[in-house]
Amino acid sequence: VQSSVDYKDLGTATSGATFFRSIGGSFGTALFGAIFAAVLTGNLSGVRVPAGLTGTSVSLTQLGSLPASTRAGYVSGYADSLQTVFLVAVPIGVVAFLLTLLLPEIHLRATVASDVGEAFVPPEGRTSLQEVERTLHSLLRHENRPDMYRRLTARASVDLDPQATWLLYRFGEHPNQTLTSLAALLDTGREDLGSPLDVLFERGLVTGPRQSAAPAEPVIELTPAGQSALDRLTAARRDGLSDLLAGWSPEDHPELAQRLQELAHELLADDELMLREAAAPTVSQ
């Protein structure tokens, strides 16, 4: 359903599909429940029910206390009734399968990644933009962050390891910071930033002193080369997100293009564990 509609109709199509799944589940439960109840009443008509019990409402405790012959009648009646429900469901399932053969084959978009559980929740009335954002987050939340940074730097032609790339973004987010103040903002120690910071200095992407100059610690800033590298990385991330929207053209929808630009930065900024994840332990041979 999502792959067969244009971007502007995505929110409506998704909500509509979820709504009709809910309706189908409701009707199916009511239909087969009615069949089961009707057949069960007939199957239990010959079973002698003790006083105080009804034929179709017996708890497991009550069932265990019934005489063997009565208990066998209950078990047989329920089993036969369930069998009837499944026998009725078989031709309906066959017809449904045959109907699927009439559906046109549609190439699925990469962003259609709805969870199985969403088939059983009420529609939320998301807009098309919110639906695209949700599916992108769903696709990307399980990606390997260090590997993602490696692919990103390769695409942007930036020679940096994952940790240095992560730190470069932090300087872009928090300009005019000292090493001490940046470490405090990132809730990490100065020593954790030392190695990736050395890489940024060696590449000429930041400028300033590498060590503290007490009592006044100068700030570390992005160089023009650092800002250029940051822009290329963000553009590469945006292009990667656009690749996931094959079939929808962000350039034709200004609000989608703007949100992709924002997501390209946000999804790179939300990496509090990047330093720990990217630092793979050395295995001795």
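Computed over heavy atoms, backbone and side chain alike; hydrogens, waters and symmetry mates excluded.
- In this structure the side chain of Leu197 reaches within 4.5 angstrom of the side chain of Ile220, judged on heavy atoms.
- By the criterion of side-chain heavy atoms lying less than 4.5 angstrom apart, applied directly or through intervening Ile, Leu, Val, Met, Phe, Trp or Tyr residues, Leu101 is not grouped with Val95; the two fall into different hydrophobic clusters.
- When hydrophobic clusters are built by joining Ile, Leu, Val, Met, Phe, Trp and Tyr residues whose side-chain heavy atoms come closer than 4.5 Å, directly or via intermediates, Leu185 is not grouped with Phe171.
- Side-chain contact between Leu200 and Leu160 is present, with heavy atoms from C-beta onward closer than 4.5 Å.
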### Message
Evaluate Leu152 against Val158 for side-chain contact (heavy atoms from CB on, under 4.5 Å), listing each step before the verdict.
### Response
CA-CA 8 Å; Leu152 185 62; Val158 175; over 6 Å; no
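- Using modelled atom types and a 3.5 Å distance limit, the side chains of Ser181 and Thr178 yield a donor-acceptor pair.
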### Task
Quick one: do Tyr169 and Thr234 satisfy side-chain contact (heavy atoms from CB on, under 4.5 Å)? Show the steps, please.
CA-CA 9 Å; Tyr169 262 91; Thr234 301; 2.7 Å; yes
### Task
Evaluate side-chain contact (heavy atoms from CB on, under 4.5 Å) for Thr153 paired with Asp159, printing each intermediate quantity in order.
CA-CA 7 Å; Thr153 54; Asp159 184 19; over 6 Å; no
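- Here the side chain of Thr207 pairs no donor or acceptor atom with the backbone of Glu221 at under 3.5 angstrom.
- Residues Leu205 and Leu222 fail the side-chain proximity criterion, which asks for heavy atoms closer than 4.5 Å.
- A continuous path of Ile, Leu, Val, Met, Phe, Trp and Tyr side chains, each step under 4.5 Å between heavy atoms, connects Val90 with Leu98, placing both in one hydrophobic cluster.
- The two residues Ala229 and Leu168 have their closest heavy-atom pair at CB-CD2, 4.2 Å.
- Taken from CG in Leu87 to CD in Gln83, the straight-line distance is 5.0 Å, to the nearest 0.5 Å.
- Remark: the backbone N or O of Ala225 is not paired with any side-chain donor or acceptor of Ser228 at under 3.5 angstrom.
- Interatomic distance, Leu233 CG to Ser157 OG, rounded to the nearest 0.5 Å: 10.0 Å.
- Nearest heavy-atom pair across Ala156 and Ala236 is CB-CB, 3.9 Å.
- Under the 4.5 Å side-chain heavy-atom criterion for Ile, Leu, Val, Met, Phe, Trp and Tyr, Phe27 and Phe20 are members of the same hydrophobic cluster.
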### Working for side-chain contact (heavy atoms from CB on, under 4.5 Å), residues Phe36 and Thr84
CA-CA 8 Å; Phe36 176 76; Thr84 300; over 6 Å; no
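- With respect to Leu167, the side chain to side chain contact (heavy atoms under 4.5 Å, CB included) criterion is satisfied by exactly one of Val199, Val206, Leu193, Asp161: Leu193.
- Contact record, Gly77 with Asn43: O-ND2, 3.5 Å, taken as the closest heavy-atom pair.
- Val39 is connected to Ile92 through a chain of hydrophobic side-chain contacts under 4.5 Å among Ile, Leu, Val, Met, Phe, Trp and Tyr, so both are in one cluster.
- The distance from atom CG of Leu44 to atom OH of Tyr74, rounded to the nearest 0.5 Å, is 6.0 Å.
- Scanning both residues, Gly172 and Leu230, for their nearest heavy atoms gives CA-CD2, 3.7 Å.
- For Asp80, there are no salt bridge (Lys or Arg N to Asp or Glu O under 4.0 Å) partners, not counting sequence neighbours.
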